[in-house]
Amino acid sequence: MLPLLAVMASLAAVPLILLSSRFPNLRETWTISAAVLKFAFVCALVPGALANKSAVISLIDLSPGVSLAFKADPLGVFFATIASGLWIFTSFYSIGYVRGLQEEKQTRYFASFAVCLSATIGIAFSANLLTFLLFYEILTVATYPLVIHKETPIAISAGRKYLAYTLTAGVVLIAATAWTYHVAGRLDFRPGGLLAGSNLGSGEARLLFLLFLAGVGVKAGIMPLHSWLPTAMAAPTPVSALLHAVAVVKSGVFGVIRVVGFVFGPELMHRHGFDSVVMVLAAATIILASLLALTQDNLKRRLAYSTVGHLSYIVLGAALLSPSGFTGGIYHIATHATMKITLFFCAGAIYVQHHKENIGDLNGIAREMPWTMGAFTVGALGLAGIPPINGFFSKWYLGIGALEANEFVALLVFLLSGLLNAAYFFPIVYRAYFRTSEHNNNGHGEASPLMVVPLVCTAILSVVFGLAPNLFFGFFDLAMSITQSVLSGGRI
Amino acid sequence: MIEQHLPLLVPITYLFSALVIPLVGLAGRRYAYPVALIASLLATFAAARGLSVALREGAMRYAFGGWAPPIGIEFVLDPLSSCMSVLLTGLTSLVLIHARRPVESEVSGKEIPFYSVTMLLMTGLTGIVLTGDLFNLFVFLEISSLAGYAIIAVGEKPAPVAAFRYLILGTIGATMYLIGLAFLYMLTGSLNMADLASIIPQLPLTPPLVVSFAMMVVGVGLKMALFPMHGWLPDAYTYAPSTSSALLAPLGTKVAAYVLLRVMFFVFQPSFGRDMLPVGDVLTYLAAGGILFGSILAIAQKELKRMLAFSSVSQIAYIALGIGFGSQLALTGAVLHIVNHAFMKAALFLVVGNMRLVVGHSRIDQFDDSLRRLMPWSMAAFTIAALSMVGIPPLAGFFSKWYLVLASIERSAWGIVAIILLTSLLSAVYFFRVLERVYLRPLQAIGGSGFESLARKEVTMSMLVPTLTLSGALFILGVFNTTIVTKVIHAMLPPAL
Amino acid sequence: MFIQLEVTLFILLIAASIVALQVRDLLAAVASLSVFSFVAASLVIAMGAVDVGFTEAVVGAGISAVLFMVALYHTPRRSED
Amino acid sequence: MIEFIQGYYAYWAIVILMLIGLYGMLLKRNLVKKLIGMTVLQSSVILLFVASGTKWNGTVPILDVGRSVDDPALYINPLPHTLMLTAIVVGVATLGVAFALLISVYRRYQTLDEKTLLKQMQ
Amino acid sequence: MIQPSNSLIVAVVSRTMIPYLQVFALYVIFHGHYGPGGGFQGGAMVAASLILSRMALGGERAEVQFRSAWGSPLGAIGALLFAAVGLVAVFFGGEYLNYAYLPLPLDDPALLRSYGILFIEIGVAIALTGTLVAIFDDLVEGHEDYD
């Protein structure tokens, strides 16, 4: 029952949010309470997942033999915990952000947000491909109002681009799902691959894998399917933060992991050489995205390209199919989420308080916003892989995984991109602390506590999870047990 | 006692109301509407009873005048026909609840003939569905078509021309069907469907049999606007009054699709159109062409109703595709799409009716975000129906496509899979084009009044409730599609697939 | 029935239909259509369908012709093709 | 060949009539001409049905006290006839509706030429 | 409204013909259930006679016999008669249109069927007369309000 409740918690909040559109405080109360409730439900699932006991709930059939089913397996719980946990921070932050900017249509904003979160949790807990597909499409549609929220021509064209990419991916995924159903006769995810043991011809398998990869790869931002992501930065910053660092893109990489580990399985991946295909794509994406990030002057766009790169870390980790690599990849979902959300929060805070979007204008901003820039520094260091912060931890495992799989190129890519990360983040930090602005900053100071507190919290979380990866939720153990089930499931 | 007459009740209710309306109309124009509505609700009730009986006890036969079937005419209430009649009556009731205001404003002064002819249309459509006799089917087909021409013709200025062209093509279609029937009758000496189904398998494959089959398929194809015989449809649906298009677009062509299904799989044996003649394949190719053609032209339209009409061409082709494949999955998809598309199109056309009443036009290039201010609920209904047309789960439209995709994969028809999916995207293009204008295009302020000064001008409850019911039903149809498929649709598919 | 009679009637029928379609004066076309209906009715009776022949005569040569006439009463009498 | 034509001459004539009717409906531009074509087509279908039921030594299916009622071989099958009565009714109803449409088309556009009409509809 | 014909011949001939036409039409209607003819043909003939009187004698004098306004209600009533007779059979335990169950004081089902059909024929005739005259009047009116 719990997985269903977790999905429904925010969905149930939607009508309440819509009804209380005249009373902003009440409306925000609903959002926050839904977020807390949802997080509580998800947390309650953690012990079970750690004990490797998955709560399963199967509702009505979606198609004969395929039901609308939720299963809180370790991977799902892992992803759901991060998404729902960070939603709480984002909710507070959003309130500060939209009120700070006196945004219009706040009701639509919060309602869409709630639907998105439901869909994300639905994706996390879906027990089969059809359920996954269902929530994947809902997520696509529910994100659209957030992307076009500002209703400027830029936002609208960004929305178009977003829809064009994600809807196309959706129909490709439909084809892939239908084909899988035709081949395997069932659609439930299983560690080690639901297609394992099916008599799929090599050419067919290749096509099917390509379809899957295109279907989930768009949201995961694998090049050359990434270009909607930087464009979608036209959305308000909290949206970028949660959706483009946590929910939407992570649903994409989550989908990649599901496809690699639970649909095809390690054995098929190896046999047909898909792992190298994915590795090449991911490695290229990491390097190219980092290089592109260097050229961006808009802070959010730079963050977006950084996201594209880091998503491919996860993809690459999954494609390595070695114990540490897979674990590191999964764990990177969590670490990248906390760090990137911090960075986006900071960008939003700067925008709200100083209306600055470009990196060139950030000279000396740290004096105005010490807390914000402190958090930003933590996030930037973490993404570059500096030790006490959790980014180091996942990268370490990814590196080891590359060695385990004898993929030295992958290791090289990780190291090189670490350097590139440093190259595109440190100038920002440097400007903020050591340059002085030519204009006299007119003392706007820090943003409202509603924004600063969440971003400091997420920065602290980044450090805490760097020092103690297993604290509270046992993220690392979860990642390990997922890896084990996938890799051993392949051998059975 | 009523139970025994169930197959008869639905058409006869409509027939009586069609005849009674001109008489009560003598007493006053305002009495026409309630009679039509009450009759429709009664018919819905009877059809629902019929469905439950047919699912519980199997086919139910009703011989007219006490003459035994091969000679006399019989009505058959089997799962397929009862499901169709529930669909027809239910949607008609909803559209009629909606109809009072639009009819008053669009066909003012002609309410009595309008409602009477509408009831006649429903007599014809439900008769087609329920009859077990091929010639009787022709008669009902013509009754419904004639009524259809009439209620189209009372629309805008070009409506009579559209109706006339429809009449010419529709008559050709009906005549083709009749010629096919003549050959079939010459060969078998029978017109009863069940009787024919037992005779035809024993016949040798002679030219007359082939001609008869082909003629019937072509004739029905014309009536269902199967590409490339769709020429009459766009104009007819565009210029008809809102209520007429809301009735004809979801129901008229679907009933023709039903006839195709009946003839191809229940009268002739399923293998006839598959193995002996390449009719199934031809149908599939035509359908694939129609799916693409309809969607592409829909993108080019400037008028919302016309866009919906072209989208109908494409959606009907989906149904034809399922019938063409003729496997169990494909037929499931086709029947499910008949149901789903009826709901979606009805919802969309009702919203167009609301729009015409509130803002007086439905030209896409003049839409702006005043619409969402003026009529938020109608627009919400439109959005849901549009998303369903695009195929976003868990809305109904996704699932019929899902079955069709499964069926195409089963046949290894990759081109068809690609076309179905591509059309999803094309439909996303034309629907989001509308949605974007409705929600995001700033008000083309006249006199600088601005967005905030607009007062909400949503249509009355009697129009809003059916609209929202239809779009809400899309969720239910989608989520519970498996129940529908396993409980109802599997029961209605031809036994010898 | 005599085969010669039937053949003659059929030839008449075809001729009348062609004339009805090709003549540019619509009134003449309608007159020709009446002839067509009558011939068709006699043919039907010749084939043994008395009822159908009767009806065809009443409807085809009577009612339809009247309807055509009424329609032509004020619409243009000339056709372009 | 000659025998083939002779044996089925009625059907050949009917097919020719059908084609003439179709030609009138589809290719004639004048709406009245289209309706003339429609009448021709419908009559030809009626002939087709009646011809299919006829036989040389049968008589009209009317109750005659002088003849045996029990021997169906003596009578022409009346079922196609009843069907055709219905078809005639349907045909005349179609014609009625068509004329109502025709008049209303003319009232709105002052022309019955299809090409001109389509041009004016744009 | 149609003007009377100017031609004396037309006026005289049609005035003479109309009563005979109508009587013959009645014969066709009532003879229909055991000979060629019937409600449809008879109704069409009645309608033809009425239309002839409209065309030859002019609208004003033709209205005396049959008002324009009667057309569509009569059409509905006739069809209703047809449908109602069928329904009566249902209420007396038979199938729809099973005349053997009509509550007439006759013993022989065959006779019952025979007379049942007579009701139907009358209904059809009324319906056809009404409808055809209504169509004619409608078409004619369609002109006049336009000219």
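Below, read A as the first sequence line, B as the second, and so on, with proteins coming before strands; counting in each chain starts at 1.
For the atom pair CD (E:Gln41) and CD1 (C:Ile63), the distance works out to 11.5 Å, reported to the nearest 0.5 Å. Atoms CZ and CG, from E:Phe40 and C:Asp51 in turn, are 11.5 Å apart once rounded to the nearest 0.5 Å. Atoms CE and CZ, from E:Met45 and C:Phe54 in turn, are 5.0 Å apart once rounded to the nearest 0.5 Å.
Using a 4.5 Å cut-off between heavy atoms, E:Ile135 touches chain C through its side chain atoms alone.
The environment of C:Phe38 atom CZ is sparse: at most 12 non-hydrogen atoms of other residues, nucleotides or ligands sit within 6.0 angstrom. Counting non-hydrogen atoms of other residues, nucleotides and ligands closer than 6.0 Å to CZ of C:Phe10 gives a total above 12.
Here the shortest heavy-atom pairing between C:Val58 and E:Ala44 reads CG1-CB, 3.4 Å.
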